[in-house]
Amino acid sequence: MSDPAESIREGHARPQQAFPGTVQQNVIIPVPEPFHFQMNLDYLSRSDNECMFHVQNDKLYKLVPYGEKQMEHALIEISAGQGHSLNIRFLGDVPPSEACRLAAVRYVQIWFDFDTDLNPFYRMANRDPLLKETVKRFRGLRLIGIPDLFEALCWGILGQQINLPFAYTLKRRFVEQFGHSVSGGGHELWQFPAPEIIAGLEAEQLTRLQITNRKAEYLIGVAALIAEGKLSKPMLQQEPDFAAAVKRLTAIRGIGPWTAHYVCMRCLRVPSAFPIEDVGLHNAIKLMLSMERKPTLDEIRQLAQAWTGWEAYATFYLWRMLY
DNA sequence: CTCCAGGGTACAC
DNA sequence: GTGTACCATGGA
């Protein structure tokens with residue numbers, strides 16, 4: 001993808017009054033092929049307990065952080081545009097600044113992983129017995145990211161060893177207890193709790209949300225590292241390679257190989273990140289191969305040899321077969 | 001009641 | 001380095 005500033009085209013910012021008192025201004029961004037907006041919306045709709053964005057009437061609503069220390073937020077609506085494009089509409093009560101619009105465009109590009117060319121993955125997967133079916137069924141789905149490092153780490157920790165619906169419930173309680181909401185255009189969206197807030201909590205403030213004491217300690221510890229500037233997304237991105245980022249992450253209490261790879265996959269956008277211990281991956285393989293039992297790690301390593309460089313996308317597409 | 005869930009730590013050897 | 005108990009809670 002070229003410089004995002006060059007890829008922005010002005011939409012028709014007519015002064016409509018669909019929501020009296022609000023200012024509408026659109027930005028249209030091109031999308032790479034293959035991309036299928038509805039396929040991605042279907043993924044984003046998989047939990048009705050999701051609290052960090054809304055899907056409604058084929059449109060996606062999200063609060064995008066930007067500006068100094070990510071302290072400002074833009075409420076945006078993302079919808080399919082004409083041809084190969086997405087339309088971003090700003091729902092704030094003032095016209096978005098240039099910085100705000102650039103941030104929103106870049107956020108969407110990162111969220112949907114527009115920087116990755118999926119064609120090599122599809123060429124590989126079309127020949128792979130395990131992936132052939134899922135890439136046919138979900139063609140145009142991209143690996144949806146969690147751009148914020150703290151959010152990605154928290155989501156990984158919260159999801160450890162519990163079922164997914166309960167993990168969503170815990171995230172919602174966590175966000176609604178310690179985050180802030182912003183309203184606009186008839187929608188209310190939440191910003192994820194700041195690490196500085198979580199770092200100052202007592203474990204008991206999290207355990208009363210039914211988060212286990214162990215995970216409460218993990219969350220507070222990770223929040224403190226980020227709040228103190230000892231851990232950041234640029235810091236991990238500047239590591240010489242992916243293995244170094246994993247090593248740095250797994251040195252943190254509460255972050256094992258699964259969580260480290262999960263964060264590399266969803267936040268750092270490492271295409272070869274591979275949470276091989278993932279029970280969802282195991283169940284997907286068991287399902288696709290009609291196995292009586294879950295595959296062993298060695299068996300998965302054998303199957304994944306063909307995925308080299310695309311382990312993250314392979315995992316994401318296999319997960320999709322389960323939900 | 002039992003088993004499982006998008007794991008990780010602490011400790012043994 | 002590999003193996004094991006334990007963590008703690010909701011859902012099927």
Side-chain angles (χ1 to χ4, degrees), chain A residues 42-52 130-131 134 138 141 143-146 149 151-174 177 202-225 231 243 246-270 272-288 291-298 300-301 303-304 307 311-323:
Chain A
D42 290 346
Y43 167 79
L44 290 165
S45 305
R46 76 192 201 283
S47 170
D48 53 17
N49 208 11
E50 172 63 56
C51 61
M52 293 306 294
L130 204 53
L131 301 176
T134 186
F138 298 110
L141 171 67
L143 204 167
I144 304 297
I146 305 175
L149 177 64
E151 182 182 339
L153 284 164
C154 289
W155 180 230
I157 290 168
L158 286 173
Q160 290 169 2
Q161 189 61 17
I162 60 174
N163 60 68
L164 215 41
F166 184 43
Y168 277 108
T169 297
L170 292 180
K171 183 172 78 162
R172 175 179 288 280
R173 290 176 185 164
F174 182 74
Q177 184 73 51
E202 298 294 331
E204 192 276 332
Q205 292 174 273
L206 295 175
T207 56
R208 64 183 176 214
L209 305 181
Q210 307 307 120
I211 293 169
T212 64
N213 188 62
R214 194 71 66 91
K215 287 184 184 178
E217 293 172 5
Y218 297 166
L219 292 171
I220 293 169
V222 166
L225 280 178
L231 177 68
V246 168
K247 190 172 180 180
R248 186 155 186 162
L249 284 167
T250 54
I252 300 167
R253 183 162 182 266
I255 303 177
W258 178 85
T259 310
H261 279 259
Y262 184 83
V263 167
C264 286
M265 169 180 171
R266 298 293 302 275
C267 184
L268 302 183
R269 296 323 209 151
V270 177
S272 52
F274 192 24
I276 193 170
E277 302 89 349
D278 185 85
V279 72
L281 174 68
H282 302 175
N283 284 330
I285 293 173
K286 177 185 172 192
L287 174 70
M288 297 311 294
M291 298 172 70
E292 297 282 333
R293 54 168 178 80
K294 287 189 282 192
T296 66
L297 290 183
D298 279 334
I300 299 171
R301 289 189 192 98
L303 294 165
W307 308 343
E311 290 89 343
Y313 259 94
T315 300
F316 194 73
Y317 267 77
L318 284 171
W319 278 343
R320 202 70 190 87
M321 295 301 285
L322 294 176
Y323 305 110

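Every heavy atom of this structure was used, including side-chain atoms; hydrogens, water molecules and symmetry mates were not.
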Between [X] ([atom1]) and [N] ([atom2]), how many Å, whole number?
X      : N      : atom1 : atom2 : answer
A:Q160 : C:dG10 : CD    : C1'   : 16 Å
A:I211 : B:dG7  : CD1   : P     : 17 Å
A:I162 : B:dG8  : CD1   : C1'   : 13 Å
A:D278 : B:dC4  : CG    : C1'   : 14 Å
A:N213 : C:dC7  : CG    : P     : 12 Å
A:L297 : C:dT2  : CG    : P     : 12 Å
A:F166 : C:dA12 : CZ    : P     : 13 Å
A:I157 : C:dA8  : CD1   : P     : 15 Å

So, does [X] get its side chain near the phosphate of [N], meaning an N or O under 4.0 Å from OP1 or OP2?
X      : N      : answer
A:K294 : B:dA5  : yes
A:R214 : B:dA10 : no
A:T259 : B:dG8  : yes
A:N283 : B:dA5  : yes

Have a look at [X] and say if it touches a base, only the backbone sugar-phosphate, or nothing, with a 4.0 Å heavy-atom cut-off.
X      : result
A:Q161 : base
A:P165 : nothing
A:I252 : sugar-phosphate
A:I255 : sugar-phosphate

Closest of B:dA10, C:dT9, B:dG7 to the A:T212 side chain is C:dT9

Residue A:Q210, side-chain atoms from C-beta onward, closest of B:dG7, C:dG10, B:dG8 = C:dG10

If you take all heavy atoms of A:Y317 and A:F138, which pair is closest and at what distance?
-> OH-O, 3.2 Å

Crowded around A:E202 CD? As in, over 12 foreign heavy atoms under 6.0 Å?
-> no

On a whole-Å scale, what distance lies between the [atom1] atoms belonging to [N] and [M]?
N      : M     : atom1 : value
C:dG10 : B:dT9 : P     : 23 Å
C:dG11 : B:dG8 : P     : 23 Å
B:dC3  : C:dA5 : P     : 15 Å

If you measure from OG1 on A:T169 to CZ on A:R173, what distance do you get to the nearest 0.5 Å?
-> 6.0 Å

Rounded distance (nearest 0.5 Å) linking atom CG of A:L206 with atom OH of A:Y218 = 14.0 Å

Could you tell me whether A:Y43 and A:F316 have their ring centroids closer than 6.0 angstrom?
-> yes

Given that A:T250 and A:M265 both sit by DNA chain B, which one's nearest nucleotide is further toward the 5' end?
-> A:M265

Give the ring-plane orientation class for A:W307 versus A:F274, where under 30° counts as parallel, over 60° as perpendicular and anything between as tilted.
-> perpendicular

